[in-house]
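Below is one structure, written out as structure tokens; the observations come after it.
Both counts, for ligands and for their atoms, begin at 1 and track the order of listing.
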Amino acid sequence: MKRYFVIGNPIEHSLSPELHNFWIKKNNINAIYKKIKLEDTELEDFINKLRNEEIHGINVTVPFKNKVIKYLDKLSLEVESTDSVNTIYKSGKDIIGHNTDVAGFELGLRHSKINVLHKSILILGAGGVVPSIIYSLLSMGCKKIYLSNRTISKAEDIKNKFNEIEILKWGKIPDFDIVINATSVGLKGDSLDIEFNVKDKVFYDVIYNPKETHFLKKAKENGNKIENGKYMFIYQANQSFSIWNNVIPKIDKDVLKILE
Ligand code: ATR
């Protein structure tokens, strides 16, 4: 039996096991997927279990997406560009780090028919997922990315990786086509201290639980298209699953129910 894990700290909230175990069963694969809370000091030993083939794949979440890099042998281009790993696997003798958040974001947008080609995009927040979103948007040919974060130094750190983006002061709203909330505001029913008085734009929230944050609710009332991060989450899992199992698992109504 193959054994897969998602590692993080905290990890209780992760819905990855539900998704992966659903697809494992659907595809008659002899495997199990579990979540495990680790400390920094346990990372190397845990990754060595993949080397010994005691385990067969690892998903990585906060706060380890960057910290695992030093224990890996090879990195994908997406990891080189974002300094962020969410999927680890063994190929030949090498332990490989990949980042399916990038493809997950793109496939999620395509699923929702949100076209970013030649569009101006405002990103709010500078947390762990933002480099993946930026890399994905750039690869899809967006026109312009503005990045705004309450703590400006964190936005500047991201600009060091992606020089083409423009940093804006928190609260400054440029002319944009799509705005993405990548802050943690909204997770607990709280709301951003920024007001948008626009319509016919796209408002995207990386948060999918709650389904409609205040940011999305208000945007919808004002006549904007809205989308949450559910499909990004599902597609990043879908891509990890296909790397490990050589099967692209189906995304159907039953999969969506898992996240509700
Ligand atoms: P991650 O776990 O994804 O790495 P994080 O580093 O905790 O997330 O980042 C959360 C994001 O939400 C940050 O951009 C944070 O802004 P700061 O860098 O200024 O902390 C943002 N955030 C959290 N609370 C916020 C608030 N009340 N107003 C605006 N931004 C907020």
Side-chain angles (χ1 to χ4, degrees), residues 6-16 35-40 43 58-69 78-79 81-87 97 99-105 108 121-137 145-162 165-174 176 178-196 203-210 213-219 228-237 240 259:
V6 55
I7 61 172
N9 192 344
I11 195 65
E12 296 74 34
H13 65 282
S14 175
L15 288 174
S16 292
K35 52 187 160 193
I36 183 166
K37 181 172 148 188
L38 294 183
E39 302 301 328
D40 289 21
L43 285 177
I58 306 172
N59 274 146
V60 185
T61 187
V62 180
F64 299 134
K65 289 188 174 192
N66 177 266
K67 289 177 180 163
V68 295
I69 290 178
E78 286 84 345
V79 174
S81 310
T82 60
D83 294 330
S84 175
V85 167
N86 82 329
T87 304
N99 176 348
T100 68
D101 289 331
V102 172
F105 184 71
I121 295 152
L122 169 62
I123 301 174
L124 305 173
V129 78
V130 169
S132 302
I133 290 176
I134 293 174
Y135 183 81
S136 194
L137 289 170
I145 297 176
Y146 299 99
L147 179 62
S148 184
N149 191 51
R150 183 181 59 177
T151 310
I152 201 160
S153 61
K154 281 213 228 160
E156 282 159 356
D157 289 345
I158 294 179
K159 187 171 164 64
N160 287 335
K161 284 200 260 272
F162 302 100
I165 68 174
E166 184 175 334
I167 307 290
L168 295 178
K169 269 199 188 147
W170 187 247
K172 180 148 191 260
I173 304 173
F176 68 86
I178 301 171
V179 56
I180 298 171
N181 176 36
T183 73
S184 48
V185 178
L187 273 173
K188 296 175 188 145
D190 45 348
S191 44
L192 286 166
D193 57 358
I194 302 180
E195 284 281 331
F196 291 92
F203 280 61
Y204 183 101
D205 203 319
V206 174
I207 296 169
Y208 59 86
N209 185 16
T213 55
H214 184 264
F215 172 77
L216 292 186
K217 205 172 280 173
K218 194 79 200 294
N228 70 23
K230 183 167 66 183
Y231 283 107
M232 177 182 186
F233 178 70
I234 294 174
Y235 276 102
Q236 63 73 31
S240 297
L259 302 193

Task: Interfacing atoms of ligand 1 (cut-off 4.0 Å, heavy-atom, V185) - done: 24 (N), 25 (C), 26 (C), 27 (N), 28 (N), 31 (C)
- [ ] For F233 and V206, run side chain to side chain contact (heavy atoms under 4.5 Å, CB included): C-alpha distance rounded to whole Å, both residues' side-chain angles, the deciding distance at 0.1 Å, then the answer.
- [x] CA-CA 9 Å; F233 178 70; V206 174; over 6 Å; no
TODO: Tell me which protein heavy atom sits closest to atom 3 (O) of ligand 1, plus the residue, atom name and distance to 0.1 Å.
DONE: G128 N, 3.2 Å
Task: ligand 1 to A126 polar contact by distance, N or O atoms, under 3.5 Å - done: yes
Task: Per-residue contact class, R150 against ligand 1 - non-hydrogen pairs under 4.0 Å - done: both
Review item, side-chain donor-acceptor pairs of residues 150-159, under 3.5 Å, at least two apart:
from : atom 1 : to   : atom 2 : distance (Å)
K159 : NZ     : N163 : O      : 2.7
K159 : NZ     : I165 : O      : 2.8

- [ ] Using distance alone, decide if ligand 1 has a nitrogen or oxygen within less than 3.5 Å of any nitrogen or oxygen in S184.
- [x] yes
TODO: Indicate yes or no for a side-chain donor-acceptor contact from T82 to the backbone of P131 under 3.5 Å, with no hydrogens or angles considered.
DONE: no
- [ ] Determine whether the side chain, the backbone, both or neither of N149 has a heavy atom under 4.0 Å from any heavy atom of ligand 1.
- [x] side chain
TODO: Considering only non-hydrogen protein atoms, determine which one is nearest to atom 19 (O) of ligand 1 and report residue, atom name and distance to 0.1 Å.
DONE: T151 OG1, 2.5 Å
TODO: Enter the distance from H214:NE2 to L192:CG here, rounded to the nearest 0.5 Å.
DONE: 9.5 Å
Task: Heavy-atom side-chain contact between V130 and N149 under 4.5 Å - done: no
Open item on the list: With a 3.5 Å distance limit and no angle check, can you tell me whether N9 reaches the backbone of K37 through a side-chain donor-acceptor pair?
Closed with: no
Task: Closest approach of any protein heavy atom to atom 5 (P) of ligand 1, naming residue and atom - done: G127 CA, 4.1 Å
Open item on the list: Can you name the atoms of ligand 1, numbered from 1 with element, that are less than 4.0 Å from a heavy atom of V62?
Closed with: 2 (O)
Open item on the list: Under 4.0 Å from a heavy atom of G125: which atoms of ligand 1 are those, numbered in the order shown and with their elements?
Closed with: 14 (O)
Open item on the list: By the definition side-chain contact (heavy atoms from CB on, under 4.5 Å), identify the one residue from T100, V60, N99, D101 that meets it with V85.
Closed with: V60
- [ ] State whether the side chain of N228 and the backbone N or O of D205 hold a donor-acceptor pair below 3.5 Å, judged by distance alone.
- [x] no
Task: Numbering as shown, the atoms of ligand 1 that approach W170 to under 4.0 Å (heavy-atom distance) - done: 29 (C)
Task: Donor-acceptor pair, side chain of D190 and main chain of V185, under 3.5 angstrom - done: no
Task: ligand 1 N/O within reach of T183 N/O, cut-off under 3.5 Å - done: no
TODO: Using protein heavy atoms only, decide if any is under 4.0 Å from atom 16 (O) of ligand 1.
DONE: yes
